[in-house]
J.: 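One structure, pasted below without further comment.
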Amino acid sequence: MAFELPKLDYKYDALEPYIDAITMEIHYTKHHAAYTTNLNNELNGKTEAKNSIEDILKNISKYSVAIRNNGGGFFNHNLFWKVMSPNAGGLPKDNLALAINKYFGNFEKFKEQFSGAATKRFGSGWAWLIVKDNGELVITSTPNQDNPLMDIAEIKGKPILGLDVWEHAYYLKYQNRRVEYISAFWNVINWDAINKNFKSK
Ligand code: MN3
């Protein structure tokens, strides 16, 4: 069974003006599609091809660099499209809201720390909100297409929110102004999806 590029839940222009339609289209149809195709090509004919993507990532040190990069790219973007929505807005709810207050003080402090991690990631990579095995919420960041599920990650946990800070995610609209892109992202975060990710942990 090959991995499939998941359908987008919204149109390319649905996140305007925060994320422009051309960036969305290229990001999804070129970048994400390429990670998916390359992952399938790398796994083709191997027994590991039947493993789940989570299982592959959790044992990524046993795989090739190409599977690490493309498997990460496949998983990370699957999550990224889901944590954004044109009907975004609102705030974390219920247990997630309580956990954010517990581990970060309040929502504003959480927002500041997450934005800081995204801003400071040197070069290409991601910022994450993860749930560690002990239930702790942590903000972290990984280079390239790595993620906190990977056994090689410095800080491990289940990602429930991810922000892509590769230049391909913002350069057409924001050029070098990554901070503006990060600030715009807060307008399209789909907290319902993140509440759900947190509950299913
Ligand atoms: Mn990307």
Side-chain angles (χ1 to χ4, degrees), residues 2-43 53-54 56-57 60 63-86 88 114-130 139-150 152-153 157-190 193-194 197:
F3 291 108
E4 274 177 41
L5 185 67
K7 285 238 155 29
L8 269 189
D9 295 332
Y10 39 83
K11 295 207 160 75
Y12 298 135
D13 64 0
L15 304 180
E16 294 262 16
Y18 307 109
I19 297 183
D20 63 286
I22 298 173
T23 296
M24 266 310 294
E25 182 170 359
I26 295 174
H27 203 170
Y28 174 71
T29 64
K30 306 291 182 198
H31 294 273
H32 195 192
Y35 296 127
T36 310
T37 304
N38 294 341
L39 174 64
N40 287 326
N41 289 343
E42 288 295 325
L43 286 168
I53 188 63
E54 287 82 3
I56 291 172
L57 297 174
I60 204 69
Y63 291 81
S64 67
V65 172
I67 292 179
R68 173 173 165 181
N69 290 337
N70 291 292
F74 171 71
F75 176 92
N76 296 348
H77 291 85
N78 287 357
L79 177 74
F80 188 46
W81 310 138
K82 290 282 183 196
V83 300
M84 297 188 291
S85 164
F114 186 92
S115 297
T119 305
K120 281 182 270 179
R121 162 52 47 200
F122 184 77
S124 298
W126 292 74
W128 306 103
L129 175 63
I130 65 169
I139 290 166
T140 179
S141 166
T142 54
N144 304 315
Q145 294 297 353
D146 287 358
N147 69 46
L149 284 179
M150 293 181 173
I152 47 97
K158 182 195 161 176
I160 60 172
L161 168 66
L163 173 58
D164 187 345
V165 293
W166 282 57
E167 284 186 347
H168 69 222
Y170 62 87
Y171 211 85
L172 291 177
K173 182 176 173 76
Y174 297 98
Q175 292 85 49
N176 62 320
R177 304 185 306 277
R178 186 192 283 187
V179 169
E180 277 181 38
Y181 160 70
I182 293 167
S183 148
F185 176 65
W186 294 94
N187 296 293
V188 293
I189 297 183
N190 179 9
I194 298 148
N197 293 342

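Start at 1 and go down the list; that is how both ligands and their atoms are numbered. For clarity, every value in this text was computed on a predicted model and none was experimentally measured.
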J.: For H32 and W81, what are the C-alpha separation, side-chain angles and deciding distance, and is it a side chain to side chain donor-acceptor pair (under 3.5 Å)?
T.: CA-CA 10 Å; H32 195 192; W81 310 138; 2.9 Å; yes

J.: Looking at H168, pick out the N, O or S atom nearest to the Mn ion (ligand 1) and give its name.
T.: NE2

J.: Does any N or O in the side chain of R121 come within less than 3.5 Å of the main-chain N or O of D164, such that one atom is a donor and the other an acceptor?
T.: no

J.: Specify whether an N/O/S atom of H31 falls short of 2.8 Å from the Mn ion (ligand 1).
T.: no

J.: Evaluate the ring planes of H77 and W126, with Trp represented by its six-membered ring, and classify them as parallel (under 30°), tilted (30 to 60°) or perpendicular (over 60°).
T.: perpendicular

J.: Restricting to N/O/S atoms, is H77 within less than 2.8 Å of the Mn ion (ligand 1) or not?
T.: yes

J.: Checking the side chain of N190 only, and the main-chain atoms of S85 only, is there a donor and an acceptor separated by less than 3.5 Å?
T.: no

J.: To the nearest 10°, what's the angle at the Mn ion (ligand 1) between atoms NE2 (H27) and OD2 (D164)?
T.: 90°

